[in-house]
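All figures in this text were calculated on a predicted structure; none of them were measured in a lab. Count residues from 1 along the sequence.
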Amino acid sequence: DMKNAVIGNNKQKANLIVLGAVPRLLYLLQQETSSTELRTECAVVLGSLAMGTENNVKSLLDCHIIPALLQGLLLPDLKFIEACLRCLRTIFISPVTPEDLLYTDATVISHLMALLSRSRYTQEYICQIFSHCCKGPDHQTILFNHGAVQNIAHLLVSTSYKVRMQALKCFSVLAFENPQVSMTLVSVSVDGELLPQIFVKMLQRDKPIEMQLTSAKCLTSMCRAGAIRTDDSCIVLKTLPCLVRMCSKERLLEERVEGAETLAYLIETDVELQRIASITDHLIVMLADYFKYPSSVSAITDIKRLDHDLKHAHELRQAAFKLYASLGANDEDIRKKIIETENMMDRIVNGLSESSIKVRLAAVRCLHSLSRSVQQLRTSFQDHAVWKPLMKVLQNAPNEILVVASSTLCNLLLEFSPSKEPILESGAIELLCSLTQSENLALRVNGIWALMNMAFQAEQKIKSDILRGLSTEQLFQLLSDSDVNVLMKTLGLLRNLLSTRPHIDHIMSTHGKQIMQAVTLILEGEHNIEVKEQTLCILANIADGTTAKELIMTNDDILQKIKYYMSHSNAKLQLAAMFCISNLIWNEEEGSQERQDKLRDMGIVDILHKLSQSSDPNLCDKAKTALQQYLA
């Protein structure tokens, strides 16, 4: 009677829960004296209650329904096992259920694997439970180690569509961003047919959309993991076109979102796939529809659908931004096509200030992708003053947005970009200096990188502002950062600050002592060749100053280091050290005679003679040029 009362009636379900039916049903379900038939009826009623609202599921979880049902799976009766699994399936697919409840007892997974062979219902429900509870690499590993691939593979050819579909979904979550699973899937065969071939058959146009999309996701994951080559025909001729089809406005909103997001992931790192996608079915124009109307005209007859789509229209926008970002990641012509799509820049600018964080992140990604184009930085980006909303996004965004937004800012600060001036006026230096103090590595790198771009061929005032904003302490902090990227960008910043004579002399007169300390510190540390080369180049710049030279000439420690690197085993370091020497001994400059004498006494000339015999033409030329300064 209870079962008949609650089916399809949420009010009755809530009433029964309030009246305390759940603990009683669970008691009967677990009583050994209860008949199998009674236990099965209890499981069915509980399953029906779970079908109601999220609050119903919470009430069931509070009564510890999951351990009770899992215990029930140990009984022999198949009908009862199916009822328990159906109820577990309904509970696990609810967003309020923590997935980890499936993994608390290690024996559960192996028992579920064993139950897969019992009936098509156990197959359907167990696969559904697995695909909903597999979140992240830890879960994937547990399922993989329990033989999920071998146990589920043969279900892909089941006579039941539901079983095939749930098995496919299982593989799509198991393989996602998981090289181990992906590599295994390539070589598994069912009835003499390899899994990739089975997935390709499931992609065909005559198959249900859900099946096409899910098998495309499996093949995409395998491709991204390196298990299938990007130029394999099953990717180029099957998977990619299938995903493009999913983007057409005939498809439902969810399908268009999933299709675009999966395609964005498939082509994200491969130029050739980006080019092929960009000319398939007018994809770039097709995506413009993602910003217009959420529902296709044919679906508007359904008012509920329209209401749903209006609420979820932002998902379409973020999917389109993501796909545009992938399409434009490398190819200049594709970027141009994207930007020429109607109102594209306005759409991105609007996207930057949307309330949905996902849309903001996707819009920033799209902008970042397009900002790699010199042409666009000079034109579209300027016409739409993109830097304004970008600076606003940078004010108080979460880290994942900050990382992409600051990368974009790095591009907008390149010296050929017209946005450089207004960005500086809007307080960028302060903002970027604060990024260099972030705990987050990517933000530190981007902050210092943007400052490095800003300092390139900049006027003296900007350079002084950067040094003031950074503070000497922070500069030392960055130079002793454990990450080599931060270190290299900081050295790049120093090198850009110390360029053109008046600037070199001015900066060294105010910060000379600290900068020389920093240089010493790095040349003495355990650093790679690139870092040391960059540091010697900074010294060469200092040696090019008029008054700054003296800071090197009066520092015997540094002079000895330069001498040491002239005879180093690495030619790059030898060359960089020679630049320092050349700048110190250059004839036309005041005091060159004294400098030449001091360096000769140190044995520099002997080394130059030796280097002029070098087999490396660059070293040889540089040494001869330096020796001429002595002869002149």
Side-chain angles (χ1 to χ4, degrees), residues 291 317-318 321-322 324-325 328-329 332 335-336 338-341 343-357 359-436 438 440 442-459 461-463 465-466 469-470 489 492-493 496:
F291 297 94
R317 292 194 291 279
Q318 70 110 20
F321 282 139
K322 264 189 193 165
Y324 276 137
E332 197 54 50
R335 287 188 200 122
K336 195 164 177 297
I338 293 174
I339 284 180
E340 285 166 0
T341 308
N343 310 335
M344 192 60 208
M345 289 312 274
D346 294 332
R347 286 192 175 130
I348 296 176
V349 169
N350 293 338
L352 291 175
S353 54
E354 277 205 37
S355 57
S356 154
I357 183 161
V359 178
R360 288 208 303 279
L361 178 58
V364 173
R365 277 200 176 139
C366 183
L367 190 64
H368 178 235
S369 188
L370 299 172
S371 74
R372 295 188 179 125
S373 157
V374 176
Q375 169 82 38
Q376 299 310 334
L377 283 175
R378 286 188 169 149
T379 52
S380 316
F381 276 54
Q382 196 48 26
D383 302 342
H384 291 81
V386 167
W387 62 271
K388 278 185 191 159
L390 187 66
M391 287 297 287
K392 208 170 139 204
V393 166
L394 281 161
Q395 295 313 323
N396 48 7
N399 275 1
E400 54 176 347
I401 287 188
L402 271 181
V403 170
V404 192
S406 54
S407 289
T408 312
L409 194 60
C410 286
N411 292 343
L412 290 182
L413 286 168
L414 289 163
E415 62 48 73
F416 49 72
S417 157
S419 315
K420 192 169 178 174
E421 291 304 311
I423 291 175
L424 284 169
E425 287 155 21
S426 65
I429 292 180
E430 204 179 332
L431 176 93
L432 295 168
C433 289
S434 70
L435 285 185
T436 66
S438 168
N440 180 305
L443 288 179
R444 287 204 303 282
V445 171
N446 287 348
I448 196 72
W449 193 342
L451 288 169
M452 178 183 101
N453 285 350
M454 193 185 273
F456 183 70
Q457 296 184 352
E459 53 203 67
K461 181 187 176 309
I462 294 173
K463 293 183 175 180
D465 287 350
I466 291 176
L470 258 188
K489 296 286 179 267
L493 168 65
N496 286 348

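Taking both residues in full, the closest heavy atoms of Met344 and Ile338 are given as CG-O, 3.3 Å, listed atom of the first, atom of the second, then distance. The minimum heavy-atom distance between Val393 and Ala405, with the atom names listed, is CG1-CB, 4.2 Å. Among all heavy-atom pairs drawn from Cys433 and Leu470, the shortest one is SG-N, 3.6 Å.
Here the CZ atom belonging to Arg360 is positioned 9.0 Å from the OG atom belonging to Ser353, to the nearest 0.5 angstrom. Put simply, CG on Asn453 and NZ on Lys489 are 8.5 Å apart, with the number rounded to the nearest 0.5 Å. To the nearest 0.5 Å, atoms CG (Leu414) and CZ (Phe456) are separated by 9.5 Å. Note that CZ of Arg365 and OG1 of Thr408 are 11.0 Å apart. Values are rounded to the nearest 0.5 Å. In this structure, Lys463 NZ and Met454 CE are separated by 13.5 Å, a value rounded to the nearest 0.5 Å. To the nearest 0.5 Å, atoms NE2 (His368) and CG (Leu409) are separated by 10.5 Å.
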Q: With side chain to side chain contact (heavy atoms under 4.5 Å, CB included) as the test, would you mind laying out the steps for Gln395 and Leu431 before giving the verdict?
A: CA-CA 8 Å; Gln395 295 313 323; Leu431 176 93; 4.2 Å; yes
Q) Between Met345 and Val386, is a side chain to side chain contact (heavy atoms under 4.5 Å, CB included) present by the stated rule, with each step listed? A) CA-CA 8 Å; Met345 289 312 274; Val386 167; 3.5 Å; yes
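Within 6.0 Å of the CD atom in Glu430, the count of heavy atoms belonging to other residues, nucleotides or ligands does not exceed 12.
No side-chain donor-acceptor contact under 3.5 Å links Lys322 to the backbone of Leu361. Between the side chain of Ser369 and the backbone N or O of Cys366 there is no donor-acceptor pair closer than 3.5 Å. At least one donor-acceptor pair under 3.5 Å links the side chain of Asn440 to the backbone N or O of Leu443. Of the possible polar contacts, none joining the Arg335 side chain to the Leu370 backbone as a donor-acceptor pair under 3.5 Å is found. Side-chain atoms of Gln376 do not come within 3.5 Å of backbone N or O of Arg372 as any donor-acceptor pair.
Remark: Glu354 engages Arg317 in a salt bridge (charged side-chain N to carboxylate O under 4.0 Å, His left out) (not counting sequence neighbours).
Using a 4.5 Å heavy-atom cutoff, the side chains of Glu332 and Gln375 are in contact. At a threshold of 4.5 Å between non-hydrogen side-chain atoms, the residues Leu493 and Ile466 count as touching. Using a 4.5 Å cut-off on side-chain heavy atoms (C-beta onward), Leu424 and Ile462 make contact. With contacts defined as side-chain heavy-atom distances shorter than 4.5 Å, the pair Tyr324/Thr341 qualifies.
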Side chains of residues 444-452: which donor-acceptor partners sit under 3.5 Å, not counting sequence neighbours?
{"residue": "Arg444", "atom": "NE", "partner": "Asp481", "partner atom": "OD2", "Å": "2.8"}
{"residue": "Arg444", "atom": "NH1", "partner": "Ser438", "partner atom": "O", "Å": "3.1"}
{"residue": "Arg444", "atom": "NH1", "partner": "Glu439", "partner atom": "O", "Å": "3.1"}
{"residue": "Arg444", "atom": "NH2", "partner": "Asp481", "partner atom": "OD1", "Å": "3.3"}
{"residue": "Arg444", "atom": "NH2", "partner": "Asp481", "partner atom": "OD2", "Å": "3.4"}
{"residue": "Asn446", "atom": "ND2", "partner": "Val403", "partner atom": "O", "Å": "2.9"}
{"residue": "Asn446", "atom": "ND2", "partner": "Ser406", "partner atom": "OG", "Å": "3.1"}
{"residue": "Asn446", "atom": "ND2", "partner": "Ser407", "partner atom": "OG", "Å": "3.0"}

